[in-house]
There are 4 protein chains.
Amino acid sequence: MSVDPNNPIPIYQQITDYIRRSIAAGVYRPGEMIPSLRVLALELTVNPNTVQRAFETLEREGLIHPRKGLGMFVTRHGATSAQSQSRTAVYETFVQGIRAGYDANMTTRRIRGVFEQAARDVATEVRSAK
Amino acid sequence: MSVDPNNPIPIYQQITDYIRRSIAAGVYRPGEMIPSLRVLALELTVNPNTVQRAFETLEREGLIHPRKGLGMFVTRHGATSAQSQSRTAVYETFVQGIRAGYDANMTTRRIRGVFEQAARDVATEVRSAK
Amino acid sequence: MSVDPNNPIPIYQQITDYIRRSIAAGVYRPGEMIPSLRVLALELTVNPNTVQRAFETLEREGLIHPRKGLGMFVTRHGATSAQSQSRTAVYETFVQGIRAGYDANMTTRRIRGVFEQAARDVATEVRSAK
Amino acid sequence: MSVDPNNPIPIYQQITDYIRRSIAAGVYRPGEMIPSLRVLALELTVNPNTVQRAFETLEREGLIHPRKGLGMFVTRHGATSAQSQSRTAVYETFVQGIRAGYDANMTTRRIRGVFEQAARDVATEVRSAK
DNA sequence: GTGGTCTAGACCACA
DNA sequence: GTGGTCTAGACCACG
């Protein structure tokens with residue numbers, strides 16, 4: 001994973017989203033520890049304060065909790081919460097794209113066509129990344 | 001249309017996108033004038049300078065051009081350019097959503113299901129707005 | 001002749017320069033009348049006020065003077081004044097270009113090379129326009 | 001360097017040109033940081049927003065890019081791009097001067113004479129500035 | 001009335 | 001400290 005500094009979405013939120021999706025995907029399971037602040041900051045070449053802010057958000061959402069001197073751990077309901085949140089995020093993104101399509105006077109059919117093309121493109125991209 | 005100041009996407013860019021989609025949709029046709037700086041600023045309750053910045057971008061993209069003392073007019077190729085640009089924007093949004101879905105370990109089928117639900121929801125929302 | 005509305009130089013000044021050069025070139029000779037405000041405004045598709053402002057400048061410079069009910073006439077010394085002024089304008093333009101060249105760390109030789117190329121290009125352009 | 005508010009060329013563009021030439025001249029090299037917004041604004045006694053606008057243009061041209069929280073840095077190809085752009089600008093200035101000369105009925109020889117005088121004058125001016 | 005430029009001053013994210 | 005966005009209000013050229 002990497003962070004896009006040119007993306008208008010704040011970096012801390014990009015990180016928040018990334019960790020949330022990782023929890024949803026089972027990369028980090030309930031009871032397990034997620035990578036430490038410093039490790040993430042180094043990996044993403046980002047200021048530790050920024051990672052810290054992402055941790056705060058996830059803690060407020062109840063996905064992770066701190067154990068003193070150890071690190072941040074995924075909560076019991078973390079996985080299921082993260083999954084529904086991720087699904088909602090995807091849903092919202094699609095809604096936004098579909099609305100933009102209608103605004104530009106595209107037909108429902110044409111919008112679906114664009115989606116299918118995007119799906120094909122991402123699928124091949126994912127496959128080739130393996 | 002209205003602007004969302006809490007949206008991380010800068011206001012001037014929201015306005016740019018909005019006008020671009022309007023041109024793509026044929027609301028403003030080649031050779032026609034688009035609403036003036038001050039009118040748009042009042043409608044969107046935004047500072048005129050912010051609208052000005054949107055105009056700059058659209059002019060750089062070749063969608064509109066100024067006629068001194070008169071206003072900004074849609075260029076000859078403005079409509080077709082705006083359409084292809086809008087399509088690309090929708091595509092990119094979908095790609096982003098699909099990637100997020102895969103990252104959260106959703107199957108292609110499940111992602112498509114979310115899309116279809118979003119499509120249905122937006123369609124009814126659009127219909128009821130009429 | 002035509003006016004470039006995108007040129008940062010004000011239109012009234014573009015017109016002033018143009019008339020001054022025409023007088024210098026002998027298109028309009030001392031004692032002769034220059035085209036009327038309305039004619040020029042129509043030809044250049046410019047607001048009459050803008051032409052008016054150019055006339056004021058030229059009158060202040062002593063190149064032309066009004067004869068009531070007739071129009072603007074080139075003064076006795078108009079031709080020679082216009083010639084020296086035009087020469088100065090060309091000189092100043094060159095100075096500006098040469099300074100920009102030095103600022104960009106170009107050698108005198110290289111700058112002269114650019115000038116010679118420009119001279120060739122304009123010469124062929126002028127020849128083909130005949 | 002200083003800015004001329006009476007120059008019809010907008011201040012932000014004067015600043016853009018100045019920085020572009022500095023990059024072309026190797027004052028700021030690829031990978032290096034250029035002076036900050038606030039520093040430039042103080043030096044030129046200009047509003048920071050005006051400098052910001054110059055930065056925007058240079059970024060769009062691909063000469064510089066921002067590093068969050070650090071400053072603006074010259075891109076890899078910044079120097080070569082700036083050099084060719086500066087050369088073109090000098091060329092355009094000369095073309096403009098030569099055209100004005102022909103319009104004023106000057107001979108090619110006479111125009112070249114004016115150029116040579118300008119070259120001598122600027123050369124001595126530069127030499128004495130050392 | 002139109003767009004274009006500029007200043008002053010504010011708040012934000014990031015290092 | 002850095003750049004990025006936004007507001008408020010001013011002046012200008014042009015029609």
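A note on names: the letters A, B, ... follow the listed sequences, proteins ahead of strands, and every chain is numbered from 1.
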### Query
Roughly, in whole Å, what's the span from CG in D:Leu42 to P in E:dG9?
13 Å
### Separation of E:dA15 P from A:Leu44 CG (nearest whole Å)
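The answer, rounded to whole Å, is 11 Å.
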### Task
Please indicate whether D:Arg29 has more than 12 foreign heavy atoms, meaning atoms of other residues, nucleotides or ligands, lying under 6.0 Å from its CZ.
no
### Task
Decide yes or no for A:Glu59 and A:Pro66: does some side-chain heavy atom of the first lie under 4.5 Å from some side-chain heavy atom of the second?
yes
### Message
Side chains of C:Leu40 and C:Ile19, heavy atoms from C-beta outward: is any pair under 4.5 Å?
### Response
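Yes, side chains in contact.
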### Message
Using side chain to side chain contact (heavy atoms under 4.5 Å, CB included), reason through A:Leu42 and A:Arg38 one step at a time and then give a plain yes or no.
### Response
CA-CA 6 Å; A:Leu42 279 177; A:Arg38 288 179 196 179; 5.6 Å; no
### Heavy-atom protein contacts under 4.0 Å, nucleotides 1-7 of chain E, coded B base, S sugar-phosphate only, - none
BBBSBBB
#### Entry: Mate of F:dG3 where both pairing distances stay under 3.5 Å, Watson-Crick or G-U
E:dC12
### Message
Using the side-chain hydrogen bond (donor to acceptor under 3.5 Å, both in side chains) criterion, which residues pair with C:Tyr102? Sequence neighbours excluded.
### Response
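Listed in chain order: C:Thr108.
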